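Keep in mind the model is a prediction, meaning the values are calculated, not measured.
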Amino acid sequence: MINKLLVANRGEIARRVFATCRALGVATVAVHSDADADAPFVADADQAVRLPGNTPAEAYLRIDAILDAARRSGADAVHPGYGFLAENAEFAAAVTDAGLTWVGPSAKAIAAMGDKMAAKAMLADAGVPMLPTWTDTAEVTAFPVLVKAAAGGGGRGMRIVRDAAGLAEAVAGARREAAAAFGDGTVFIERYVERGRHVEVQIFGDTHGTVVALGVRDCSIQRRHQKIVEEAPGVLPDDVRAELHEAAVAAGRAVDYVGAGTVEFLLAPDGQVHFLEMNTRLQVEHPVTELTTGLDLVRLQLLVAEGEPLPVTTTPPADGHAIEVRLCAEDPAQGFRPATGTLHRFAIPGVAAEFGPARGLRLDSGVVDGSTVSVHYDSMLAKLVAWAPTRTEAARALAGALARAELHGVATNRDLLVRVLRSAEFTAVDLDTGFLDRHPEVFAPLLPAEQLPVAALAAALSGAAERRAAAPVLAGLPSGWRNVPSFPQVTRFTVGDGEEIEVRYRLDRTGALAEWGRKGPLLTDPVEEGSSVNTELPVVELVTATPGRVVLDVDGVRRAFRVHRAGSSVFVDGPDGAASLTELPRLPLPTAELAAGSLLAPLPGAVTRVHVEVGQRVAAGDLLLTLEAMKLEHPVLAPADGVVTELPVPAGGQVETGAVLAVVDPEEDPQ
């Protein structure tokens with residue numbers, strides 16, 4: 001019997017496992033890097049042990065340190081979570097050799113499925129259809145192809161290659177990224193299927209020979225080959241579902257599988273099923289299976305690890321529909337690059353349960369108010385899951401909760417997720433892995449550009465209310481009121497990628513909004529004759545204004561705005577979307593001017609390679625250097641034709657956000 005469980009992982013999955021342990025009465029141990037010492041998952045555990053490491057990510061890859069933590073804490077079992085060492089056969093063997101209970105499949109099964117080429121060969125012999133696969137770039141003659149990491153999933157190391165010219169660089173980049181994420185840079189190449197659906201079967205095995213399929217999930221909505229929307233049950237014909245179940249169970253039985261695993265397939269447009277890989281661990285998307293089967297998969301993992309038989313031996317019928325989204329720290333203004341910073345507020349309305357069964361909304365989160373999102377780990381903040389009797393209801397509830405969430409301090413992919421869930425194509429189950437490529441409209445922010453001035457006005461009025469509330473004298477007078485009206489009050493903000501918006505307003509003696517106007521990216525001053533820019537502003541009346549809430553009547557429609565300030569940052573959540581603004585000082589201090597053509601680091605990281613030299617002429621779009629951050633490689637491209645005049649950071653150099661990476665002078669003439 002398991003009495004004390006160590007989770008060799010971090011973040012949301014550690015908190016998820018701890019939640020089930022609390023319900024079962026199992027004591028818990030967290031391990032953590034120095035960077036995670038104050039993280040929520042550490043606070044959730046009964047005990048915690050620091051892991052040494054040269055880097056925060058490396059700490060979770062130290063098998064010796066994790067086993068020492070188990071010994072020191074008295075843990076008698078180890079759960080690997082997902083990522084890091086979860087699919088490392090050496091780790092599984094080391095845990096069992098140390099006399100501890102391993103909560104997962106055998107080292108032999110992990111090794112068999114971890115060698116993805118060998119796994120493909122084994123299952124091909126069993127009759128499972130396979131895509132053409134290569135390990136030698138010289139053997140690839142047909143394109144497009146997909147370069148994939150052999151040691152893990154999650155989109156790490158994946159590259160689509162459409163011609164032979166880009167294959168070598170794609171393989172090299174995939175190897176580096178896979179090594180950073182999994183400690184193993186082995187990659188392979190397989191044929192890429194356009195408009196395929198990514199579907200997968202959750203399987204479970206026990207030590208008594210039972211292997212059962214627990215249903216099919218659809219994970220086709222992906223960006224950068226990483227799943228962002230998952231659902232169960234996948235909407236499929238009954239015969240395809242049966243074929244998937246049969247193939248997945250056969251794969252599990254072929255390696256005497258024990259514990260939770262996922263067999264992933266690509267469903268081609270012609271209906272053909274192709275095996276992709278088997279993940280020998282719990283998946284990120286396991287909550288949708290839990291909510292539609294009523295099973296706690298972590299509980300089953302613990303029971304099976306203790307030698308108990310599975311309580312289910314056949315596929316349970318799906319009850320309702322569940323959809324999960326991965327809420328990630330990503331900046332839409334920077335092409336959805338991973339974002340860092342302090343999460344000042346993380347509030348999602350209507351959550352029925354955290355880390356457990358829920359009829360409604362479930363939240364599995366690795367962060368809370370005040371959490372720091374660092375550059376050391378991947379960008380996922382939380383998973384939000386909605387269960388409802390029907391798929392349409394689940395999508396609507398999930399989109400509504402996301403739209404009303406207060407996510408302040410770190411840019412996220414929230415708006416993208418809401419637009420995907422509300423799109424006609426998603427509703428019609430018109431899904432495939434290229435969904436986002438075909439629907440660029442879903443990348444638009446929820447808040448329409450023409451409504452940004454009103455959101456900025458709400459921010460300005462909230463600030464005025466806060467100042468009046470703190471005033472030592474005459475606090476009852478409206479902000480800025482004069483017997484003889486003269487100049488309006490002016491508040492300046494930056495928004496988006498640094499564009500400035502200026503709000504001008506005047507209140508009368510009663511506190512009503514007497515007049516308002518603005519200048520900014522949507523309104524030039526003066527407006528040239530014949531300009532297509534909309535210069536009309538809505539008629540706005542102020543209903544109430546407090547430091548945290550402003551109610552405005554906009555063209556006859558009353559709208560309430562929630563306003564939250566954190567230093568100079570102002571977050572406005574309204575009925576049509578959210579705005580993140582930075583209030584500028586009234587008397588700004590002088591700052592150093594950057595050289596024209598300066599390219600700045602979008603987030604902290606390390607320059608892994610520099611591809612050009614000072615004095616080299618480049619064309620727009622040329623690769624200048626590669627920045628590695630949050631386990632991903634980020635190419636830095638030339639913004640225009642010109643000459644490289646500065647490369648201040650050498651390969652291997654560490655940089656902070658805003659550091660100059662290169663300077664490309666578009667005015668320089670070739671020599």
Review point. Under the side chain to side chain donor-acceptor pair (under 3.5 Å) criterion, do Q301 and R299 qualify, and how do the steps go?
Key: CA-CA 5 Å; Q301 284 186 299; R299 173 178 173 270; over 6 Å; no
**Study point:** Residues L327, F346; criterion side-chain contact (heavy atoms from CB on, under 4.5 Å); working and verdict
**Key:** CA-CA 11 Å; L327 188 61; F346 185 81; 3.8 Å; yes
Practice item. Check the pair L381, T412 against side-chain contact (heavy atoms from CB on, under 4.5 Å), reporting the backbone distance first and the verdict last. Key: CA-CA 9 Å; L381 302 174; T412 73; 4.0 Å; yes
Practice item. Applying side chain to side chain donor-acceptor pair (under 3.5 Å), run through R217 and Q202 and close with a yes or a no. Key: CA-CA 8 Å; R217 300 186 287 250; Q202 174 73 63; 2.9 Å; yes
Review point. side-chain contact (heavy atoms from CB on, under 4.5 Å) between L214 and L297: does it pass, once the steps are laid out?
Key: CA-CA 10 Å; L214 299 181; L297 298 190; 3.9 Å; yes
Practice item. Using the side-chain contact (heavy atoms from CB on, under 4.5 Å) rule, take V550 and T544 through it: C-alpha gap first, then chi angles, then the decisive distance, then the call. Key: CA-CA 6 Å; V550 174; T544 60; over 6 Å; no
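Of the inter-residue distances, the one linking L6 atom CG with T28 atom OG1 reads 9.5 Å to the nearest 0.5 angstrom. One finds the CG atom of L384 at 11.5 Å from the CZ atom of R414 (value rounded to the nearest 0.5 Å). L513 CG to D553 CG: the interatomic distance, rounded to the nearest 0.5 Å, is 11.0 Å. Rounding to the nearest 0.5 Å gives a distance of 13.5 Å between CG of L457 and CZ of R504. L417 CG to R422 CZ: the interatomic distance, rounded to the nearest 0.5 Å, is 11.5 Å. Between atom CD1 of residue I501 and atom CZ of residue F493 there is a gap of 8.0 Å, rounded to the nearest 0.5 Å.
R10 places no side-chain N or O within 3.5 Å of a backbone atom of D36 that could act as its donor or acceptor partner. A donor-acceptor pair under 3.5 Å is absent between the side-chain atoms of R404 and the main chain of P349, judged by distance alone. Checking side-chain atoms of Y60 against main-chain N and O of S33 turns up a donor-acceptor pair under 3.5 Å. Checked by atom type and distance alone, the side chain of T342 never pairs as donor or acceptor with a backbone atom of H344 at under 3.5 Å. The backbone N or O of T582 sits nowhere less than 3.5 Å from a side-chain atom of S568 that would complete a donor-acceptor pair. No side-chain donor-acceptor contact under 3.5 Å links T372 to the backbone of S374. Judged by distance alone, with hydrogens and angles left aside, the side-chain atoms of N413 form a donor-acceptor pair with the main-chain N or O of C328 at under 3.5 Å. Y505 places no side-chain N or O within 3.5 Å of a backbone atom of T491 that could act as its donor or acceptor partner.
Minimum interatomic distance between V410 and A329 (heavy atoms only, all atoms of both residues): CG1-CB, 3.6 Å. The shortest non-hydrogen separation linking P453 to L537 is CB-CD2, 4.3 Å. Heavy-atom minimum distance, A232 versus T289: CB-N, 4.4 Å. Across all their heavy atoms, A57 and F84 have their closest contact at O-CE2, 3.9 Å. The heavy-atom pair separating T340 from V375 by the smallest distance is CG2-N, 3.9 Å. Nearest approach of A403 to V418, heavy atoms of both residues: N-CG2, 3.9 Å.
Between K227 and D218 there is no salt bridge, since no side-chain N of the basic residue sits under 4.0 Å from a carboxylate O of the acidic one. Note on E285 versus K383: no salt bridge recorded, every NZ/NE/NH1/NH2 to OD/OE distance being 4.0 Å or above. For R562 and E406, the salt-bridge test passes: some basic side-chain N is under 4.0 Å from an acidic carboxylate O. In this structure, E230 pairs ionically with R326, as a charged nitrogen and a carboxylate oxygen lie closer than 4.0 Å. Using a cut-off of 4.0 Å between Lys/Arg side-chain N and Asp/Glu carboxylate O, D432 and R438 are scored as salt-bridged. Under 4.0 Å is where a charged nitrogen must lie from a carboxylate oxygen, and between R16 and D296 at least one such pair does. Between D430 and R195, at least one side-chain nitrogen of the basic residue sits less than 4.0 Å from a carboxylate oxygen of the acidic one, meeting the salt-bridge criterion. Checked for salt-bridge contact, D331 and R337 miss the test: no charged N lies under 4.0 Å from a carboxylate O. A salt bridge links R565 to E466: one of the charged nitrogens lies within less than 4.0 Å of a carboxylate oxygen. Under 4.0 Å is where a charged nitrogen must lie from a carboxylate oxygen, and between R559 and D576 at least one such pair does. Ionic pairing of E330 and R223 is present here: one or more N-O contacts between side-chain nitrogen and carboxylate oxygen are shorter than 4.0 angstrom. Look at E500 and R492 and you find a salt bridge, because one of the NZ, NE, NH1 or NH2 atoms lies within 4.0 Å of a carboxylate O, short of that distance.
Looking at L416 and L436, their side chains come closer than 4.5 Å, going by heavy atoms from C-beta outward. L637 has its side chain out of reach of L599: every pair of non-hydrogen atoms, C-beta onward, lies at least 4.5 Å apart. Annotation: side chain of C21 is in contact with side chain of V17 (closest heavy-atom distance under 4.5 Å). Looking only at side-chain heavy atoms (C-beta outward), L552 and V543 stay at 4.5 Å or farther from each other. Annotation: side chain of F265 is not in contact with side chain of R197 (no heavy-atom distance under 4.5 Å). With a 4.5 Å cut-off on side-chain heavy atoms, P80 and L85 do not count as touching. Using a 4.5 Å heavy-atom threshold, the side chains of S371 and P40 count as touching. Within the 4.5 Å cutoff, side-chain heavy atoms of D319 are placed close to those of W387.
Sparse packing is recorded around CG of D38, with 12 or fewer heavy atoms of other residues, nucleotides or ligands lying under 6.0 Å away. No more than 12 heavy-atom neighbours from other residues, nucleotides or ligands sit within 6.0 angstrom of CZ on R549. In the displayed structure, R558 atom CZ is contacted under 6.0 Å by at most 12 heavy atoms of other residues, nucleotides or ligands.
For residues 389-442, the pairs satisfying ring-ring contact (aromatic ring centres under 6.0 Å, His included) are H408-H564, H408-F571, F435-H439, with sequence neighbours left out. Listed by first and then second residue, the salt bridge (Lys or Arg N to Asp or Glu O under 4.0 Å) pairs involving residues 388-398 are E231-R391 (not counting sequence neighbours).
Cation-pi contact between R15 and F355: absent, since separation from the ring centre below 6.0 Å together with deviation from the ring axis within 45° is not met.
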